Amino acid sequence: MFSGLLYCADCGEKLYYSVTNNYKREQAYFFCSAYRKNSDVCSAHYIREKVVESLVLESMQRVLWYVQTYEKLFAQRQLDEFGEKQKKELAEKRRELDKAKVRVREIDGVIQKLYEDNATGKISDERFATMSMSLENEQSDLKDRIPDLESELENAKLKTEGLQRFIDKAKQITRLEALTPELVHEFIEKIVVSAPEYKDGKRYQEVEIHYNGVGIVREPTAEEMEEYFQEHIKNKPFLKAKTA
């Protein structure tokens, strides 16, 4: 079910799937592939499959309820993850892209003018060679930069489109009681597992679930969910039963 989805938070390698000698799925677990190759590189990051399944199911249930009940709030919060800094950076990239395209065209005109001036003797061959080489180098750098800028802007656009696709898919799931491999791979991009920590004799382990198209979803806390639910009930219209 989780094939190829689990990654180590420390080294970035995938987690291998393993079962015990009796092949009981209840005992199946994941561990860091880098640790298996070289124990000095990383730690085992051991986590049971049933723990992962329980965490993913609970997360998906909360996220799907959140999306279906408060679609606009969910969308706005995910878009806000960009933050003002990212929005300013995207605006600067758009301006840089526009200027680069204009400058590429300008350089063509300048080089053509230099060629004409050189042909009529207004500038020397040496001067023409120096200036034209400098302009061509500038133009070459700009042409290399333009695809990178276009790719960065396209990725930002795809994130917005991915958000809408995620919302549309989430709205199609009416009731989630159990996970299936198809459902997991449709919604989950990756699961990042941190090394366990021990406090007061108890084992704690952080697990990040990245959803396709939206990344990490900041799920509402239990208090927020209760608040949202009470507001939902208060605003939901009830039909009065008709009496015979």
Side-chain angles (χ1 to χ4, degrees), residues 1-36 42-75 77-78 81 158-159 161-197 202-226 228-229 232:
M1 185 182 300
F2 301 103
S3 175
L5 293 179
L6 271 72
Y7 290 84
C8 171
D10 291 335
C11 69
E13 294 293 322
K14 287 188 176 183
L15 268 61
Y16 283 162
Y17 179 76
S18 182
V19 293
T20 55
N21 293 333
N22 57 16
Y23 294 99
K24 287 186 177 181
R25 188 164 176 266
E26 294 77 16
Q27 302 300 321
Y29 62 94
F30 294 92
F31 66 98
C32 180
S33 59
Y35 172 79
R36 181 175 183 177
C42 200
S43 61
H45 284 58
Y46 165 94
I47 188 168
R48 299 272 288 275
E49 181 188 26
K50 66 178 185 179
V51 172
V52 176
E53 184 172 357
S54 175
L55 289 173
V56 172
L57 176 60
E58 291 175 6
S59 175
M60 285 189 63
Q61 286 173 333
R62 291 193 299 269
V63 169
L64 293 179
W65 178 87
Y66 183 22
V67 174
Q68 292 167 2
T69 311
Y70 292 94
E71 178 182 337
K72 291 183 179 179
L73 177 62
F74 168 79
R77 283 194 172 184
Q78 290 304 118
E81 289 297 317
L158 288 175
K159 182 166 184 179
E161 294 175 349
L163 172 60
Q164 188 56 53
R165 285 195 297 270
F166 180 84
I167 291 173
D168 292 340
K169 288 191 298 184
K171 289 163 67 175
Q172 295 175 12
I173 309 299
T174 55
R175 191 174 183 180
L176 180 62
E177 295 182 343
L179 297 177
T180 65
E182 295 78 14
L183 197 62
V184 168
H185 285 268
E186 182 178 8
F187 280 94
I188 305 297
E189 176 190 352
K190 63 180 178 180
I191 302 168
V192 181
V193 180
S194 296
E197 296 180 356
K202 294 183 179 180
R203 188 177 189 271
Y204 298 88
Q205 195 162 15
E206 184 177 351
V207 177
E208 288 184 345
I209 300 173
H210 296 247
Y211 287 89
N212 283 321
V214 294
I216 297 177
V217 176
R218 194 193 76 77
E219 303 170 19
T221 63
E223 292 76 14
E224 288 176 328
M225 287 187 70
E226 178 63 25
Y228 295 159
F229 181 73
H232 177 66

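This structure is a prediction, so every number in the text was calculated from the model and none was measured.
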Heavy-atom closest contact (Ala75 atom, Ile167 atom, distance): CB-CD1, 3.9 Å
Side chain to side chain contact (heavy atoms under 4.5 Å, CB included) filter on Ala170, not counting sequence neighbours, yields Leu64, Val67, Phe187
Closest heavy-atom pair, Lys169 versus Glu186, reported as atoms and distance to 0.1 Å, is NZ-O, 2.9 Å
For Trp65, is there any backbone N or O sitting under 3.5 Å from a side-chain donor or acceptor partner on Thr69? yes
Would you mind reporting whether Ile188 and Phe2 have side-chain heavy atoms less than 4.5 Å apart? no
What is the distance from atom NZ of Lys190 to atom CG of Leu6, rounded to the nearest 0.5 Å? 11.5 Å
Evaluate the side-chain proximity of Phe166 to Val63: yes if any heavy-atom separation is below 4.5 Å, no if none is. yes
List the steps, then state whether side-chain contact (heavy atoms from CB on, under 4.5 Å) holds for Val51 with Tyr29. CA-CA 9 Å; Val51 172; Tyr29 62 94; over 6 Å; no
What donor-acceptor contacts under 3.5 angstrom involve side-chain atoms of residues 171-183, with partners at least two apart or in another chain?
residue, atom, partner, partner atom, Å
Lys171, NZ, Glu71, OE1, 3.2
Arg175, NE, Glu177, OE2, 2.9
Arg175, NH2, Glu177, OE2, 3.3
Thr180, OG1, Leu183, N, 3.1

Restricting to side-chain hydrogen bond (donor to acceptor under 3.5 Å, both in side chains), what partner residues turn up for Tyr46, sequence neighbours left out? none
Does Ser54 have any side chain to side chain contact (heavy atoms under 4.5 Å, CB included) partners at least two apart in sequence or in another chain, and if so, which? Glu58
Note: Ser33 and Glu13 closest approach over all heavy atoms is OG-CB, 3.4 Å
Val52 and Val207: CA distance, side-chain angles, deciding distance, side-chain contact (heavy atoms from CB on, under 4.5 Å) verdict: CA-CA 8 Å; Val52 176; Val207 177; 6.0 Å; no
Between Glu49 and Tyr17, what is the shortest heavy-atom contact and its length? OE1-OH, 3.2 Å
Taking all heavy atoms of Leu15 and all of Cys8, pick out the closest pair and write down the distance. CD1-N, 3.2 Å
Below 4.5 Å, heavy atoms only, C-beta onward: do Asp10 and Ser194 meet side chain to side chain? no
Who passes ring pair (Phe, Tyr, Trp, His ring centres under 6.0 Å) against Tyr7, sequence neighbours left out? none
Which value, rounded to the nearest 0.5 Å, describes the distance between Leu163 atom CG and Asn212 atom CG? 13.0 Å
Please name all residues satisfying side chain to side chain contact (heavy atoms under 4.5 Å, CB included) with Glu208, sequence neighbours left out, ordered by chain then number. Val192, Glu206, His210, Ile216
Closest non-hydrogen atoms of Cys32 and His45, given as atom of the first, atom of the second and distance, are CB-CB, 4.4 Å
With a 4.5 Å heavy-atom cut-off, do Val193 and Gln205 have their side chains touching? yes
